[in-house]
2 protein chains.
Amino acid sequence: MGESSNASQLIRLHEIRKACSSCSLRELCLPVALDRKDTDELDRIVEHRRPLRKGEKLCRPGQPFSAIYAVLSGSLKSSLLGHRGDSQVIAFHLPSELVGLDAIGSGSHPTTIEALETTSVCKIPFSQLEALSRKIPGLQHQLLRVMSKEIFDEHELLQVVSRRTAEQRLAIMLINLGQRFGRRGLSRTRFRLPMSRLDLGNYLGLAPETTSRAFRRFIDQGLLKVTGKEVELLDPSALQELTDGMSAPFHSRKQR
Amino acid sequence: MGESSNASQLIRLHEIRKACSSCSLRELCLPVALDRKDTDELDRIVEHRRPLRKGEKLCRPGQPFSAIYAVLSGSLKSSLLGHRGDSQVIAFHLPSELVGLDAIGSGSHPTTIEALETTSVCKIPFSQLEALSRKIPGLQHQLLRVMSKEIFDEHELLQVVSRRTAEQRLAIMLINLGQRFGRRGLSRTRFRLPMSRLDLGNYLGLAPETTSRAFRRFIDQGLLKVTGKEVELLDPSALQELTDGMSAPFHSRKQR
DNA sequence: CGCACGTTTGAAACTGCTCAAATGCAGTGG
DNA sequence: CCACTGCATTTGAGCAGTTTCAAACGTGCG
């Protein structure tokens with residue numbers, strides 16, 4: 001996080017390349033072990049691009065699909081436009097995560113992908129990735145795994161958004177973000193929310209006012225400490241309890 | 001729909017095989033043109049199984065993943081178990097559709113997949129499919145397409161479930177089902193709902209009572225004719241209007 | 001024919017949304 | 001450097017849609 005953005009071009013390039021192998025392409029390289037030679041080949045096809053500034057768009061809906069992207073640093077949000085002007089945030093992408101997988105099917109990007117802050121990504125031309133994955137079975141398998149996982153994650157999000165109260169949604173989100181930061185060696189309990197409350201609410205299917213009130217209740221209960229976008233989970237286990245749907249007041253009815 | 005289930009074994013096998021190439025594996029064969037030889041090879045690795053009776057399960061959560069399935073006739077629902085006894089319907093699967101794609105990532109099935117009526121499926125061993133798709137680039141591409149489409153569909157469902165009123169959700173669902181039946185040469189406006197109202201409501205994130213009331217309002221408005229599970233869309237364009245989120249009363253707020 | 005289950009209907013409670021306005025924060029230009 | 005403007009966030013009050021609880025109704029299967 002927070003790469004120095006005024007390092008010399010050479011150092012920068014080196015850093016990105018290093019980040020790429022060790023972190024950002026992690027989703028493609030782990031957990032199926034690709035050997036040194038394979039990751040080198042993968043490295044060879046990725047393209048590096050200048051960082052996106054806050055608000056800059058990686059792609060717009062309808063744009064032809066040619067590559068997927070991996071986040072190196074910063075963060076992205078992808079959103080879908082409704083049949084009118086309204087937009088729905090579909091996902092947030094943190095470093096090491098892959099972006100654009102939903103465009104393969106139709107051949108064009110269905111979403112708008114936008115930087116939430118200064119963000120650098122690398123581009124992986126899809127046709128080359130396909131070709132390479134034909135040569136490297138482990139890579140092919142891993143690509144399918146990543147996509148499958150995305151489907152699974154989507155299922156979980158669906159559950160969250162359709163059957164949980166505002167507080168539960170927020171608790172789940174905070175814990176999920178914590179885990180994702182934690183996976184990259186950062187604190188699971190103290191982090192900076194890269195997105196606005198409005199985007200967060202939109203993602204969780206909540207009005208911004210409701211999101212704000214949920215934050216307040218958590219703060220009042222001593223579960224959370226919030227300073228601007230900075231968040232600290234004071235009682236992660238209590239939040240986890242909420243997550244489990246316990247005492248589910250509203251929604252949820254035992255089935256079968 | 002409605003294959004004669006007392007035809008002789010031989011005829012049955014022939015029919016299934018025929019259905020497999022022309023219909024059920026359509027998702028894998030179309031729209032990328034696979035030539036005759038390729039589809040034959042694909043046919044060779046699929047396994048046929050005896051039909052599932054209503055309520056029978058194709059897989060349970062945690063079961064090791066080894067194959068994906070294609071629906072030949074009948075219908076399935078897949079559902080996720082919550083941390084307690086509650087379950088959430090994730091998807092319904094009609095003939096020609098592929099099932100089990102969400103299990104690749106973790107190596108075990110996250111969902112319960114259950115027959116809603118007498119249903120026949122064919123099994124496609126995943127390792128063989130992977131191997132075959134290495135030999136047939138078109139197949140590899142198509143497999144990725146199908147998975148990507150699933151991600152995209154999930155995104156759309158997310159929008160439906162998180163930002164639409166009960167009536168809008170039902171309208172969207174009915175039109176969606178109509179399209180899926182229509183794709184298989186059946187009527188888009190008259191069909192039989194294979195699932196219970198309870199499952200339907202669960203899928204749409206609604207209490208069964210709410211689902212029922214939404215049906216009633218549509219019937220009273222003359223948009224729908226319902227006889228048990230049989231449904232007729234009397235005014236599809238009016239339903240489509242609702243779908244577009246028009247006049248969105250509740251939810252939805254213009255963004256940006 | 002009868003029981004069980006899915007479906008429907010009614011009434012009340014509740015969550016989250018909408019509208020409206022105050023507050024805080026950040027980037028801009030003087 | 002500071003004031004200003006615009007936007008994000010917060011807070012309050014009222015309303016609407018959905019859920020919940022409860023009970024009647026219909027249908028299918030033994």
Side-chain angles (χ1 to χ4, degrees), chain A residues 53-55 77 86 88-89 116-118 160-171 192-220 224 226-231 242 245 247-256, chain B residues 53-55 77 86 88-89 116-118 160-171 192-220 224 226-231 242 245 247-256:
Chain A
R53 268 187 295 278
K54 177 175 179 176
K77 77 168 179 196
D86 59 328
Q88 152 99 18
V89 177
L116 292 170
E117 56 196 312
T118 303
V160 171
V161 158
S162 75
R163 310 204 111 65
R164 310 260 108 130
T165 66
E167 292 192 3
Q168 290 177 324
R169 297 185 205 189
L170 181 57
R192 189 176 161 284
L193 296 173
M195 72 293 282
S196 71
R197 301 295 151 89
L198 195 143
D199 284 338
L200 186 58
N202 186 311
Y203 175 69
L204 296 174
L206 297 172
E209 295 92 333
T210 308
T211 312
S212 176
R213 278 185 251 270
F215 266 108
R216 172 123 306 286
R217 264 166 292 178
F218 283 159
I219 294 169
D220 290 346
L224 220 59
V226 179
T227 323
K229 294 196 176 298
E230 215 70 42
V231 174
L242 286 175
S247 73
F250 199 59
H251 290 294
S252 100
R253 167 181 296 202
K254 293 220 177 188
Q255 304 235 165
R256 303 244 127 254
Chain B
R53 271 188 292 278
K54 177 175 177 176
K77 77 168 180 194
D86 60 326
Q88 153 100 15
V89 176
L116 292 170
E117 58 195 311
T118 302
V160 171
V161 159
S162 75
R163 311 203 109 64
R164 314 255 102 128
T165 67
E167 293 193 4
Q168 291 177 323
R169 297 185 205 188
L170 182 57
R192 188 176 162 283
L193 295 173
M195 71 295 281
S196 71
R197 301 286 200 275
L198 196 143
D199 284 338
L200 186 58
N202 186 311
Y203 175 68
L204 295 174
L206 298 172
E209 295 92 332
T210 309
T211 313
S212 177
R213 280 184 250 270
F215 267 107
R216 172 122 307 285
R217 264 167 290 177
F218 283 160
I219 294 169
D220 291 345
L224 220 58
V226 179
T227 323
K229 292 194 177 300
E230 215 70 41
V231 174
L242 286 175
S247 74
F250 197 58
H251 290 296
S252 99
R253 168 181 295 203
K254 295 223 177 187
Q255 305 236 164
R256 309 242 121 256

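Which of D:dT11, C:dG16, C:dT7 sits closest to the side chain of B:Leu198 comes down to C:dT7. Listed nucleotides: D:dT10, D:dT18, C:dT7. Nearest to the side chain of A:Ser212: D:dT10. Out of C:dG16, D:dT11, D:dT9, the shortest distance to the side chain of A:Arg216 is found at D:dT11. You'll find that the side chain of B:Arg213 is closest to C:dT9, out of C:dC19, C:dT7, C:dT9. Residue A:Arg197 has its side chain nearest to D:dT9 when only C:dG16, D:dG12, D:dT9 are considered. When each of D:dA22, D:dT18, C:dC19 is scored by its nearest atom to the side-chain atoms of B:Glu209, the top-ranked nucleotide is D:dA22.
Listed by chain and number, the residues in a side chain to side chain contact (heavy atoms under 4.5 Å, CB included) with A:Ser212 amount to none (sequence neighbours excluded). Residues satisfying the side chain to side chain donor-acceptor pair (under 3.5 Å) test with B:Arg216, not counting sequence neighbours, are B:Asp220. The salt bridge (Lys or Arg N to Asp or Glu O under 4.0 Å) check on B:Arg217 picks up B:Glu167, with sequence neighbours excluded. Shown here are the side chain to side chain contact (heavy atoms under 4.5 Å, CB included) partners of A:Arg192, two or more places apart in sequence or in another chain: A:Glu117, A:Lys229, A:Glu230. In this structure, the ring-ring contact (aromatic ring centres under 6.0 Å, His included) partners of B:Tyr203, at least two apart in sequence or on a different chain, are B:Phe92.
Distance check: A:Leu206 CG to A:Arg169 CZ gives 4.5 Å after rounding to the nearest 0.5 Å. With rounding to the nearest 0.5 Å, the separation of CZ in B:Arg53 from OG1 in B:Thr118 is 8.0 Å.
Atom-to-atom, CZ of A:Phe218 to P of D:dT10 comes out at 14 Å; the value is rounded to the nearest Å. Counting to the nearest Å, the P atom of D:dT9 and the CZ atom of A:Phe215 are 10 Å from each other. Atom CG in A:Leu170 sits roughly 14 Å away from atom C1' in D:dT9 (whole-Å rounding). Following rounding to the nearest Å, A:Leu224 (CG) and D:dT10 (P) show an atom-to-atom distance of 11 Å. Regarding B:Ile219, its CD1 atom lies at a distance of 13 Å from the P atom of C:dT7, rounded to whole Å.
Contacts of B:Lys54 with the nucleic acid, taken as non-hydrogen atoms under 4.0 Å apart, are absent. Looking at heavy-atom distances under 4.0 Å, A:Ser196 makes contact with sugar-phosphate atoms alone, never a base.
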Could you go through nucleotides 24-26 of chain C and list every protein N or O atom that sits under 3.5 Å from one of its N or O atoms, giving the distance for each pair?
none

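At the phosphate of C:dT15, neither OP1 nor OP2 sits under 4.0 Å from any side-chain N or O atom of A:Thr165. Taking 4.0 angstrom as the limit, B:Lys229 places none of its side-chain polar atoms (N or O) nearer than this to OP1 or OP2 of C:dG6.
Bending across the helix from C:dC1-D:dG30 to C:dG30-D:dC1, expressed as the angle between its end axes from five pairs apiece, amounts to 40° (10° rounding).
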